[in-house]
Amino acid sequence: MSDQRPDNSILVKRLLLTVAGMFAFGFALVPLYDVFCEVTGFNGRTSNEAAVYQEVEVDESRTVNVQFITRNAKGIPWKFEPSTKQVKIHPGEVKVVNFLASNPTSSNMVAQAIPSVAPAEASLYLNKVECFCFNQQPLAAGADTEMPMQFYLDPDIPDHINTLTLSYTLYDMTANTSAEQMAQLLKTE
Amino acid sequence: MSTTVEETHHDTHHDHKPSGIGRWLFTTNHKDIGSMYLWFSFIMFLTGGAMAMVIRAELFQPGLQLVEPHFFNQMTTVHGLIMVFGAVMPAFTGLANWMIPMMIGAPDMALPRMNNWSFWILPFAFIILLGSLFMEGGGPAFGWTFYAPLSTTYSSDSTALFVFSIHIMGISSIMGAINVIVTIMNMRAPGMNYMKMPLFVWTWLITAFLLIAVMPVLAGAVTMVLTDKYFGTSFFDAAGGGDPVMFQHIFWFFGHPEVYIMILPSFGIISAIIPAFTRKRLFGYASMVYATAAIALLSFLVWAHHMFTTGMPVFAELFFMYCTMLIAVPTGVKIFNWVATMWRGSMTFETPMLFALAFVILFTIGGFSGLMLAITPVDFQYHDTYFVVAHFHYVLVTGAIFSIMAASYYWLPKWTGHMYDTTLAKTHFWTSLISVNVLFFPMHFAGLAGMPRRIPDYATQFADINQIASIGGFAFGLSQLIFLWVVIKCVKGGEKAEAKPWDGAEGLEWTVPSPAPYHTFEKPPKVE
Ligand code: HEM
Ligand SMILES: [Cu+2]
């Protein structure tokens, strides 16, 4: 074999490094995706943190229709619905909508509601001052509750958005909750 | 380049073949490993094909006749996985092993021991995958795309086996790709500069880079599925703050380049065969190289065309639509160059050429249906119907697989030292050509009329179309047994093949005798 051939080990090392880098990149896509969605609002997620209400001018000239949908994920038998199906509000105006939940089973349960907004770009302009979805919701066996959601629309909301739909999907988190956590949650309720 | 030098020249290291099973287990010889890859690929092709027969038998009539829906789902899933990772990809790696060293005048692959490993872990991957079918609850049933939450929340207990088998397949193809890159970059004979390399070498070099870029991402995706299912993470679980749509983004970031991994080496094969039987040089060599590179780069920008219906914003839909259509431009350059090569050539129609011609026409049909699918509003109707099934079988079966068959017929004389039985080979071609179209062409219409894919039952108005497709399917399956027959017959004997059995063929592989000696180009050839 000719001996002027280049050293393979350097190239192999570089290629292995690329492989490791791409494996890491696969995982880096997860936070990148979250940041990307948060900035662009592409997938209709709303923030998990309470917005601080800033004194804004209410735009009386516009009315936006805000609709509410609830859905139970597979395997959770709660009753879960909004007290009103839709409200008409002016951008800048603060509104409270109650959601009713009841646990018809004979065991204590914990649920988590996950919000989603359509059209997705509207999610950037929906500010929640208070929402039950920021935390998990415990409900004792047979109990029911009224959960408030306080929000306002950013007056910068684009003109072509006249209706937006806020949907909540309710997931059963009981299996992920230990007995002590459950007791703790029910006590603070 | 005198070939007698080759035969009398004995290096310090062994030149004889070890005998018995040990030869195959411990071999580091690129030709042995190439042969093992090719045989393995063919066994997988028949295994995956048997599953396709189950699918077509169940779909022969509306209603549920033969298998349970859950088993049907396992068949569509494992059929897809086996054909992609077990048949097409190993066949290309086998061809790379056999041909790349001979085409660039190298004595072997650059990393022969790793080469042995990358082959021998493959059978274990597929034993694990196939074994999972016999576990309680069955094997993977979530489609080859293993979308979460189907593969996490709703999958069977054997999913860990699926994950490990994908890990092993991924490691195998990454090792294979590293080997190809190092071989091509470091082992070329003096004078074989990049722009003199045969296109098969070029397309494989680019494919190998694609593999290195995306197989690790696939490994990441299956790992996330594993931890979501067994270790309580929530990458794809909305309840825990994850997002199932993100799975699709990660998967298709791998998945779209993957479909090009399965077609770029074909382009190289066709670019070798058409000039050989046209007795002209390939038209536009440099543009072929650039077009391949352009396709590879663009393939990273189009993944979301598989996700038009997931509710993306209009801007993103438009971006991915235009990028996808842009890929048709370099692809069109290639088709144009092949046709231009044939223009006024003295064409003859030996079996490799027949497969190559069928490739050009039928792959183009697949490209056109791809363009239809790329139109976002139209895809809302076509998505997840049999139209998609028709599209990807045209590009993969009459594209990738036909090119592998063309390659086999083209290089069989070099591998075995015998000419194959041409009558049988042509029978294989014509039966395959007719049956494959009877099988897949009607699926376009079923899809346009709204028949969903991956469902074991269907509305009665689709009965005739499905019956025709199933008949085509059985005929296509049987035709492949002719191929097996031709190959076995050719290995066992036949008319002695000359060093260069095709008078228009070009390349260093034709300067060594047939069958190619166990060691070739231990002294690098001179390339003008
Ligand atoms: C001009 C070139 C091509 C275009 C424009 C194109 C476009 C598309 C589009 C838009 C889809 C998504 C359809 C849907 O799910 O609704 C698709 C699916 C697919 N394409 Fe292509 N394609 C092209 C070439 C290829 C090639 C060369 C291959 C492989 C060799 C390929 C393999 C596939 C596969 C396997 C799927 C289906 C994946 C699945 O959902 O299981 N395509 N193509
Ligand atoms: Cu694609």
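Below, read A as the first sequence line, B as the second, and so on, with proteins coming before strands; counting in each chain starts at 1.
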Is there a side-chain contact between B:V245 and A:Y33 in this structure, where contact means two heavy atoms from C-beta onward sitting under 4.5 Å apart? yes
Give a yes or no on whether A:N98 atom CG has more than 12 heavy-atom contacts from other residues, nucleotides or ligands under 6.0 Å away. yes
Assert top hit (heavy-atom pairs under 4.5 Å, partner chain B, pool A:T18, A:V30, A:I114, A:D172) equals A:V30
What do you reckon, is NZ of A:K79 surrounded by more than 12 foreign heavy atoms closer than 6.0 Å? no
Centre-to-centre under 6.0 Å for B:F253 and A:F25, is that the case here? yes
Name the option with the most non-hydrogen atom pairs under 4.5 Å to chain A; the candidates are B:P216, B:G242, B:A219. B:P216
Distance, nearest 0.5 Å, that separates CG of A:D34 from CG of B:D243: 8.0 Å
Does A:F134 have more than 12 heavy atoms from other residues, nucleotides or ligands lying within 6.0 Å of its CZ? yes
Using 0.5 Å steps for rounding, measure from the CZ atom of A:F36 to the CE atom of B:M246. 14.0 Å
If you define the side chain from C-beta out and look only at heavy atoms, does anything of A:L15 sit under 4.5 Å from B:F209? yes
Mind checking the CG-CG spacing from A:N8 to B:N186? Nearest 0.5 Å is all I need. 4.5 Å
Looking only at heavy atoms, which two atoms of A:F27 and B:G220 are closest? And how far apart? CE1-CA, 3.7 Å
Relative to chain A, which segment of B:L211 carries a heavy atom at a distance below 4.5 Å: side chain, backbone, both, or neither? neither
Carefully, step by step, assess B:V217 and A:F23 under the rule side-chain contact (heavy atoms from CB on, under 4.5 Å). CA-CA 5 Å; B:V217 176; A:F23 187 68; over 6 Å; no
Rounded at 0.5 Å granularity, tell me how far CD1 in B:I174 sits from CE in A:M22. 10.5 Å
For A:Q112 and B:A239, which heavy atoms make the closest approach, and how far apart are they? CG-O, 3.8 Å
Which answer fits B:Y154, side chain, backbone, both or neither, if we ask what part of it has an atom under 4.5 Å from a heavy atom of chain A? side chain
For B:V182 versus A:L11, what's the shortest heavy-atom pair and its separation? CA-CD2, 3.7 Å
Please classify the contact of B:T223 with chain A as side chain, backbone, both or neither, using a heavy-atom distance under 4.5 Å. side chain
Would one find more than 12 heavy atoms of other residues, nucleotides or ligands at under 6.0 Å from atom OH of B:Y230? yes
